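A short worksheet on the structure shown next.
What you are looking at is a predicted structure, and each value in this text was computed from that prediction instead of being measured. All values below come from the heavy atoms of this structure, side chains included, with hydrogens, waters and symmetry mates left out.
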Amino acid sequence: DRPVADTTNDDVLALVAQPVDANTAVRIALLNNRELRAQLRELGIARARLLGANMLPNPTFEAELQPERQTSVELRVEWNVAGLLLAPLRSEAASADLDRARLEVAGEVIELGYRVRVAFYELQAAEEILRISEHALEALGAAQTAQQDFHFTIEDNRNKQDTDYAKVLRENSSARAWADQPIDIS
(Lines give C-alpha, C1' and ligand atoms only; values in the text may rest on other atoms or scores of the structure.)
Protein backbone atom coordinates (compact mmCIF):
# COMPACT_ATOMS: atom_id res chain seq x y z
CA ASP A 1 0.00 0.00 0.00
CA ARG A 2 2.61 2.48 -1.09
CA PRO A 3 1.73 5.83 -2.62
CA VAL A 4 1.31 5.85 -6.38
CA ALA A 5 4.49 7.87 -6.86
CA ASP A 6 6.60 5.14 -5.20
CA THR A 7 6.17 2.65 -8.04
CA THR A 8 9.48 2.40 -9.82
CA ASN A 9 11.15 0.60 -12.64
CA ASP A 10 12.72 -1.65 -10.00
CA ASP A 11 9.26 -3.11 -9.32
CA VAL A 12 8.80 -3.86 -13.01
CA LEU A 13 12.32 -5.28 -13.34
CA ALA A 14 11.70 -7.56 -10.35
CA LEU A 15 8.51 -8.85 -12.01
CA VAL A 16 10.20 -9.36 -15.38
CA ALA A 17 13.08 -11.27 -13.78
CA GLN A 18 10.74 -14.17 -13.05
CA PRO A 19 8.64 -16.12 -15.56
CA VAL A 20 5.83 -13.90 -16.80
CA ASP A 21 2.31 -15.27 -16.69
CA ALA A 22 -0.95 -13.45 -17.42
CA ASN A 23 -1.26 -12.05 -13.88
CA THR A 24 2.32 -10.80 -13.87
CA ALA A 25 1.76 -9.17 -17.26
CA VAL A 26 -1.28 -7.36 -15.83
CA ARG A 27 0.73 -6.18 -12.81
CA ILE A 28 3.48 -4.85 -15.08
CA ALA A 29 0.90 -3.05 -17.22
CA LEU A 30 -0.73 -1.52 -14.14
CA LEU A 31 2.62 -0.27 -12.86
CA ASN A 32 3.56 1.22 -16.25
CA ASN A 33 0.20 2.85 -17.07
CA ARG A 34 0.54 6.61 -16.63
CA GLU A 35 -3.15 7.30 -17.27
CA LEU A 36 -4.10 4.94 -14.46
CA ARG A 37 -1.61 6.57 -12.11
CA ALA A 38 -3.12 9.97 -12.99
CA GLN A 39 -6.60 8.63 -12.24
CA LEU A 40 -5.37 7.31 -8.89
CA ARG A 41 -4.04 10.78 -8.07
CA GLU A 42 -7.42 12.25 -8.98
CA LEU A 43 -8.99 9.73 -6.63
CA GLY A 44 -6.79 11.14 -3.87
CA ILE A 45 -7.95 14.65 -4.79
CA ALA A 46 -11.59 13.52 -4.58
CA ARG A 47 -10.90 12.08 -1.10
CA ALA A 48 -9.40 15.40 -0.04
CA ARG A 49 -12.46 17.23 -1.36
CA LEU A 50 -14.70 14.94 0.70
CA LEU A 51 -12.65 15.68 3.81
CA GLY A 52 -12.86 19.39 3.08
CA ALA A 53 -16.62 19.20 2.51
CA ASN A 54 -17.09 17.51 5.90
CA MET A 55 -15.30 20.32 7.71
CA LEU A 56 -17.27 23.21 9.11
CA PRO A 57 -16.31 26.68 7.95
CA ASN A 58 -14.04 28.59 10.28
CA PRO A 59 -15.58 31.45 12.24
CA THR A 60 -14.32 34.97 11.67
CA PHE A 61 -13.02 36.91 14.67
CA GLU A 62 -12.74 40.67 14.75
CA ALA A 63 -11.40 42.96 17.37
CA GLU A 64 -12.00 46.69 17.19
CA LEU A 65 -10.94 49.55 19.33
CA GLN A 66 -13.69 52.19 19.57
CA PRO A 67 -12.82 54.97 22.01
CA GLU A 68 -16.04 56.92 21.33
CA ARG A 69 -18.22 54.26 22.95
CA GLN A 70 -16.14 54.24 26.04
CA THR A 71 -15.01 50.72 25.59
CA SER A 72 -11.51 49.81 25.10
CA VAL A 73 -11.98 46.82 22.80
CA GLU A 74 -14.99 45.41 20.98
CA LEU A 75 -14.88 41.74 19.99
CA ARG A 76 -17.04 40.10 17.32
CA VAL A 77 -17.40 36.54 16.13
CA GLU A 78 -19.08 35.80 12.81
CA TRP A 79 -20.03 32.38 11.64
CA ASN A 80 -21.08 31.54 8.06
CA VAL A 81 -24.53 30.08 8.72
CA ALA A 82 -25.05 29.23 5.03
CA GLY A 83 -21.87 27.18 5.14
CA LEU A 84 -23.19 25.31 8.17
CA LEU A 85 -26.52 24.63 6.49
CA LEU A 86 -24.97 23.56 3.18
CA ALA A 87 -22.26 21.35 4.73
CA PRO A 88 -24.31 18.12 4.44
CA LEU A 89 -25.10 18.86 0.77
CA ARG A 90 -21.46 19.60 0.01
CA SER A 91 -20.51 16.37 1.75
CA GLU A 92 -23.03 14.38 -0.32
CA ALA A 93 -21.79 15.93 -3.56
CA ALA A 94 -18.15 15.26 -2.64
CA SER A 95 -19.03 11.68 -1.65
CA ALA A 96 -20.74 11.12 -5.00
CA ASP A 97 -17.70 12.58 -6.76
CA LEU A 98 -15.43 10.19 -4.82
CA ASP A 99 -17.64 7.23 -5.73
CA ARG A 100 -17.53 8.28 -9.39
CA ALA A 101 -13.74 8.53 -9.28
CA ARG A 102 -13.49 5.10 -7.61
CA LEU A 103 -15.71 3.53 -10.26
CA GLU A 104 -13.71 5.15 -13.07
CA VAL A 105 -10.45 3.81 -11.63
CA ALA A 106 -11.96 0.36 -11.07
CA GLY A 107 -13.30 0.34 -14.63
CA GLU A 108 -9.92 1.34 -16.02
CA VAL A 109 -8.16 -1.36 -13.98
CA ILE A 110 -10.60 -4.03 -15.18
CA GLU A 111 -10.40 -2.87 -18.81
CA LEU A 112 -6.60 -2.71 -18.76
CA GLY A 113 -6.40 -6.14 -17.13
CA TYR A 114 -8.71 -7.56 -19.79
CA ARG A 115 -6.76 -6.01 -22.67
CA VAL A 116 -3.43 -7.22 -21.27
CA ARG A 117 -4.72 -10.75 -20.72
CA VAL A 118 -6.14 -10.88 -24.25
CA ALA A 119 -2.83 -9.64 -25.67
CA PHE A 120 -0.89 -12.11 -23.48
CA TYR A 121 -2.96 -15.09 -24.62
CA GLU A 122 -2.83 -13.94 -28.26
CA LEU A 123 0.97 -13.81 -27.95
CA GLN A 124 1.05 -17.29 -26.43
CA ALA A 125 -1.17 -18.59 -29.24
CA ALA A 126 1.05 -16.95 -31.87
CA GLU A 127 4.17 -18.46 -30.28
CA GLU A 128 2.51 -21.90 -30.23
CA ILE A 129 1.45 -21.55 -33.88
CA LEU A 130 5.03 -20.57 -34.72
CA ARG A 131 6.39 -23.59 -32.79
CA ILE A 132 3.98 -25.94 -34.57
CA SER A 133 4.81 -24.37 -37.93
CA GLU A 134 8.52 -24.82 -37.30
CA HIS A 135 7.96 -28.50 -36.41
CA ALA A 136 5.82 -28.96 -39.53
CA LEU A 137 8.52 -27.31 -41.64
CA GLU A 138 11.17 -29.59 -40.13
CA ALA A 139 8.95 -32.61 -40.81
CA LEU A 140 8.39 -31.50 -44.41
CA GLY A 141 12.13 -31.05 -44.86
CA ALA A 142 12.79 -34.51 -43.47
CA ALA A 143 10.09 -35.98 -45.72
CA GLN A 144 11.59 -34.26 -48.75
CA THR A 145 15.06 -35.55 -47.88
CA ALA A 146 13.67 -39.06 -47.38
CA GLN A 147 11.83 -38.84 -50.69
CA GLN A 148 14.98 -37.73 -52.48
CA ASP A 149 16.99 -40.53 -50.84
CA PHE A 150 14.28 -43.04 -51.79
CA HIS A 151 14.18 -41.67 -55.34
CA PHE A 152 17.98 -42.00 -55.65
CA THR A 153 17.79 -45.52 -54.25
CA ILE A 154 15.14 -46.47 -56.79
CA GLU A 155 17.18 -44.87 -59.59
CA ASP A 156 20.31 -46.69 -58.40
CA ASN A 157 18.37 -49.97 -58.28
CA ARG A 158 16.89 -49.28 -61.72
CA ASN A 159 20.30 -48.47 -63.13
CA LYS A 160 21.74 -51.60 -61.51
CA GLN A 161 18.84 -53.65 -62.84
CA ASP A 162 19.33 -52.12 -66.28
CA THR A 163 23.04 -52.93 -66.08
CA ASP A 164 22.36 -56.45 -64.85
CA TYR A 165 19.73 -56.95 -67.57
CA ALA A 166 22.15 -55.70 -70.22
CA LYS A 167 24.79 -58.05 -68.89
CA VAL A 168 22.34 -60.95 -68.97
CA LEU A 169 21.34 -60.02 -72.50
CA ARG A 170 24.98 -59.90 -73.56
CA GLU A 171 25.72 -63.22 -71.92
CA ASN A 172 22.55 -64.65 -73.43
CA SER A 173 23.48 -63.44 -76.89
CA SER A 174 27.04 -64.74 -76.40
CA ALA A 175 25.65 -68.06 -75.34
CA ARG A 176 23.24 -68.08 -78.25
CA ALA A 177 26.02 -67.15 -80.64
CA TRP A 178 28.14 -69.91 -79.22
CA ALA A 179 25.21 -72.30 -79.34
CA ASP A 180 24.42 -71.33 -82.90
CA GLN A 181 27.89 -72.27 -84.05
CA PRO A 182 28.02 -75.50 -85.81
CA ILE A 183 29.48 -78.25 -83.80
CA ASP A 184 32.22 -80.04 -85.49
CA ILE A 185 32.12 -83.69 -84.45
CA SER A 186 34.62 -85.04 -86.75
With distance as the sole criterion, is a donor-acceptor pair present between the side chains of Asn54 and Arg90 under 3.5 Å?
-> no
So CG of Leu43 and CG of Leu98: to nearest 0.5 Å the spacing works out to 6.0 Å
Q: Given side chain to side chain contact (heavy atoms under 4.5 Å, CB included), test Arg76 with Thr60 step by step and report yes or no.
A: CA-CA 8 Å; Arg76 273 184 254 152; Thr60 306; over 6 Å; no
Under a side-chain separation threshold of 4.5 Å, the hydrophobic residues clustered together with Phe61 are Val77
To the nearest 0.5 Å, atom CZ of Arg27 lies from atom CG of Asp21 at 9.5 Å
Note: Pro88 and Leu85 closest approach over all heavy atoms is CD-O, 3.4 Å
Give a yes or no answer on whether the side chain of Ser95 reaches the backbone of Ser91 with a donor-acceptor pair at less than 3.5 Å.
no
Rounded to the nearest 0.5 Å, the CD atom of Glu122 sits from the CZ atom of Arg115 at a distance of 13.0 Å
dist Leu50:CG -> Glu92:CD (nearest 0.5 Å) comes out at 11.0 Å
The remaining residues in the hydrophobic cluster of Val20, counting side-chain heavy-atom contacts under 4.5 Å among Ile, Leu, Val, Met, Phe, Trp and Tyr, are Phe120, Tyr121
Rounded to the nearest 0.5 Å, the CG atom of Leu140 sits from the CD atom of Gln147 at a distance of 11.0 Å
In Val26, Asn32, Leu31, Leu30, the residue satisfying side chain to side chain contact (heavy atoms under 4.5 Å, CB included) with Ile28 is Asn32
Inset, instruction - List the steps, then state whether side chain to side chain contact (heavy atoms under 4.5 Å, CB included) holds for Leu112 with Asn33. - result: CA-CA 9 Å; Leu112 180 63; Asn33 192 307; 3.4 Å; yes
Smallest heavy-atom separation, Arg47 atom then Arg102 atom, equals NE-NH2, 4.4 Å
Closest non-hydrogen contact found for Asp97 with Arg100 is OD1-NH2, 2.6 Å
Inspect the contact between Arg37 and Glu108 and indicate whether a charged nitrogen and a carboxylate oxygen are less than 4.0 angstrom apart.
-> no
**Asked** If you draw a 6.0 Å radius around CD in Gln18, do more than 12 non-hydrogen atoms from other residues or ligands fall strictly inside?
**Response** yes
Tightest non-hydrogen contact, residues Leu15 and Thr24, listed as O-CG2, 3.8 Å
Scanning both residues in full, the closest heavy-atom pair of Val116 with Ala29 reads CG2-CB, 3.4 Å
Margin query: Looking at Glu128 and Arg131, is any side-chain nitrogen of the basic one under 4.0 Å from a carboxylate oxygen of the acidic one?
Written below: yes
